[in-house]
2 protein chains.
Amino acid sequence: MDLDQFFPYQLARLAEQVSLATAQVYQTRFALGRDEWRVMAALAQASEMKTSDVLGRTTMEKMQVSRALAKLERDGLVERSPDPEDGRAYLVRLRPPGLALYRKIVPMVQAREEYLLSDLSEAERKVLSAAFAKVGERARQLIRHG
Amino acid sequence: MDLDQFFPYQLARLAEQVSLATAQVYQTRFALGRDEWRVMAALAQASEMKTSDVLGRTTMEKMQVSRALAKLERDGLVERSPDPEDGRAYLVRLRPPGLALYRKIVPMVQAREEYLLSDLSEAERKVLSAAFAKVGERARQLIRHG
DNA sequence: TATTGTTATACTCTATAACTATA
DNA sequence: TATAGTTATAGAGTATAACAATA
């Protein structure tokens, strides 16, 4: 069995490299962790949302979201206020510095994305995207059924 | 910016799911970590090799290999002897129980691989494989040049 | 009793480098 | 001085569950 020809292994290596290449932008240059970046991207989709909405817009666990928000709040990028409709909940929003940082990072990571895909034709991108959906569905089936 | 449509994010999620689906076989059922599994797959390619050859056949660091080998040796799956040609080096090989375990696992993970890809035509698989190579090359360029 | 969000804990991974013994 | 491999340590990332406040 040749590990190099084994699809899950190829996929894992590619994902690792792509993740490294992309994360350089927000980690090395702006000291943001991956979770903080994901939370900011979620928050940027609306002027204000509940913590639970952030959960719904990411694949993160509530504990990861809680910690990412705490760090973003310490850094002054995000602010929280109590939800007037539910005493247990918070309303979260990007503060101006957070929004500015987000708007600065987005074009940079999008440029990296385009560079990563630049050798692929439009047709190849379509196949790739469809293949991701199909393989992902099969993977979820395997996980569900042990 | 929609994270769900962002290629590096899609790739990371897919890899995570596929890794989970594949690792179930050797982790849950046989208590092997990913590194141990990779080392066993490398060792199975020859009757005996140096630790440094294991390094060359995987993308692991020497420290990871050292730890994986130590665990495999504790579990009786691998044995080491001093290299008569270099007092610093070791010769490593799978012990019979290790080889038997490897031969038991291989068809199981291959079946999972085939299942994961079962919705893809031969042509789609070719596109996918070529795309991985192209994107991987671009990613390595980005990593190298910051 | 159930839910929102926080905190605690432990385990795995990863990254860096110091260390030993040979070469 | 360099190399093979080990050990130490610290930082992320992940998973589980206990917990306080509120519903």
Side-chain angles (χ1 to χ4, degrees), chain A residues 9 12-13 15-17 19-24 26-28 30-39 42-43 48-74 78-93 143, chain B residues 9 12-13 15-17 19-20 22-24 26-28 31-39 42-43 48-74 78-93 143:
Chain A
Y9 184 65
R13 280 201 304 184
E16 198 177 328
Q17 288 169 341
S19 163
L20 209 57
T22 311
Q24 274 182 340
Y26 52 81
Q27 281 183 356
T28 308
F30 301 106
L32 283 177
R34 194 191 54 168
D35 284 351
E36 284 98 58
W37 166 245
R38 286 184 178 178
V39 165
L43 289 176
E48 185 175 74
M49 63 180 73
K50 295 190 191 186
T51 304
S52 58
D53 297 326
V54 177
L55 254 165
R57 286 169 195 268
T58 64
T59 56
M60 302 166 63
E61 302 290 314
K62 63 177 180 175
M63 185 209 48
Q64 297 171 278
V65 170
S66 169
R67 286 193 182 143
L69 281 173
K71 179 169 188 307
L72 289 170
E73 197 173 28
R74 275 199 303 281
V78 149
E79 64 184 1
R80 285 190 275 195
S81 47
D83 181 348
E85 294 176 354
D86 186 335
R88 300 167 300 181
Y90 290 92
L91 295 172
V92 200
R93 71 199 75 82
I143 292 168
Chain B
Y9 184 65
R13 280 201 304 183
E16 198 177 331
Q17 289 168 340
S19 164
L20 210 57
T22 310
Q24 274 181 340
Y26 52 80
Q27 280 184 358
T28 309
L32 283 177
R34 194 191 55 167
D35 284 351
E36 284 98 58
W37 165 246
R38 286 183 177 178
V39 165
L43 289 176
E48 184 174 77
M49 62 181 72
K50 295 192 192 184
T51 305
S52 58
D53 297 325
V54 177
L55 254 165
R57 287 169 196 269
T58 65
T59 56
M60 302 166 63
E61 302 290 314
K62 64 178 180 175
M63 186 210 48
Q64 297 171 276
V65 170
S66 168
R67 286 194 183 142
L69 281 172
K71 178 168 188 307
L72 290 170
E73 197 173 29
R74 275 199 305 279
V78 149
E79 63 184 3
R80 285 189 275 195
S81 47
D83 181 347
E85 293 176 353
D86 187 336
R88 301 167 300 180
Y90 290 92
L91 295 173
V92 200
R93 72 200 74 83
I143 293 168

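Chain naming here is simple, since letters A, B, ... match the order of the sequence lines and numbering starts at 1 in each.
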Checklist entry - Which nucleotide in the set C:dG5, C:dT7, D:dA21 lies at the smallest distance from any side-chain heavy atom of A:Arg88? => result D:dA21

Checklist entry - So, is B:Arg80 near the phosphate of D:dT6, with a side-chain N or O under 4.0 Å from OP1 or OP2? => result yes

Checklist entry - Which whole-number value in Å describes the distance from B:Leu55 CG to D:dT3 C1'? => result 12 Å

Checklist entry - Taking atom P of C:dT9 as reference, at what distance in whole Å does atom CD of A:Gln64 sit? => result 19 Å

Checklist entry - Taking side chain as C-beta onward, heavy atoms only, is B:Met60 less than 4.5 Å from B:Val39? => result yes

Next on the checklist: Between A:Thr51 and C:dG5, is there a contact of a side-chain N or O with OP1 or OP2 at under 4.0 Å?
Outcome noted: yes

Checklist entry - In whole angstrom, what separates B:Met60's CE from D:dT6's P? => result 12 Å

Checklist outcome for this item: When B:Gln27 and A:Leu69 are each assigned the nearest nucleotide of DNA chain C, the 5'-most assignment goes to A:Leu69

Next on the checklist: Could you check whether any side-chain heavy atom of A:Met49 comes within less than 4.5 Å of a side-chain heavy atom of A:Leu91, counting everything from C-beta outward?
Outcome noted: no

Checklist outcome for this item: Closest of C:dG5, C:dT6, D:dA4 to the B:Asp86 side chain is D:dA4

Next on the checklist: Would you say A:Ser66 places a side-chain N or O within less than 4.0 Å of OP1 or OP2 belonging to C:dT6?
Outcome noted: yes

Next on the checklist: Expressed as a whole number of angstroms, how long is the span from B:Trp37:CH2 to C:dC13:C1'?
Outcome noted: 20 Å

Checklist entry - In whole angstrom, what separates B:Glu61's CD from C:dA15's P? => result 7 Å

Next on the checklist: Would you say CD of B:Glu16 has more than 12 non-hydrogen atoms from neighbouring residues, nucleotides or ligands within 6.0 angstrom?
Outcome noted: no

Next on the checklist: As a test of reading the structure: which of C:dA15, C:dT14, D:dG5 is closest to the side chain of B:Arg34, going by heavy atoms?
Outcome noted: C:dT14

Checklist outcome for this item: B:Ala89 has its side chain closest, among C:dT9, C:dT6, D:dA4, to D:dA4

Checklist entry - Side chains of B:Tyr9 and A:Arg38: closer than 4.5 Å at any heavy-atom pair? => result yes

Checklist entry - In terms of the nearest nucleotide of DNA chain C, which residue is placed more toward the 5' end: A:Arg67 or A:Tyr90? => result A:Tyr90

Checklist entry - How far does CG of B:Asp35 sit from OG of B:Ser66, to the nearest 0.5 angstrom? => result 11.5 Å

Item to check | Spacing of B:Lys62 atom NZ relative to C:dA17 atom P, expressed in whole Å | outcome: 12 Å

Next on the checklist: From CG of A:Leu72 over to P of C:dG5, roughly how many Å is that when rounded to an integer?
Outcome noted: 16 Å

Item to check | Contact under 4.0 Å: B:Ser52 side-chain N or O vs D:dA4 OP1/OP2 | outcome: no

Next on the checklist: Can you tell me which nucleotide in D:dT16, C:dG5, C:dC13 comes closest to the side chain of A:Met63?
Outcome noted: D:dT16

Next on the checklist: Tell me the interatomic distance from A:Lys71, atom NZ, to C:dT7, atom C1', rounded to whole angstroms.
Outcome noted: 19 Å

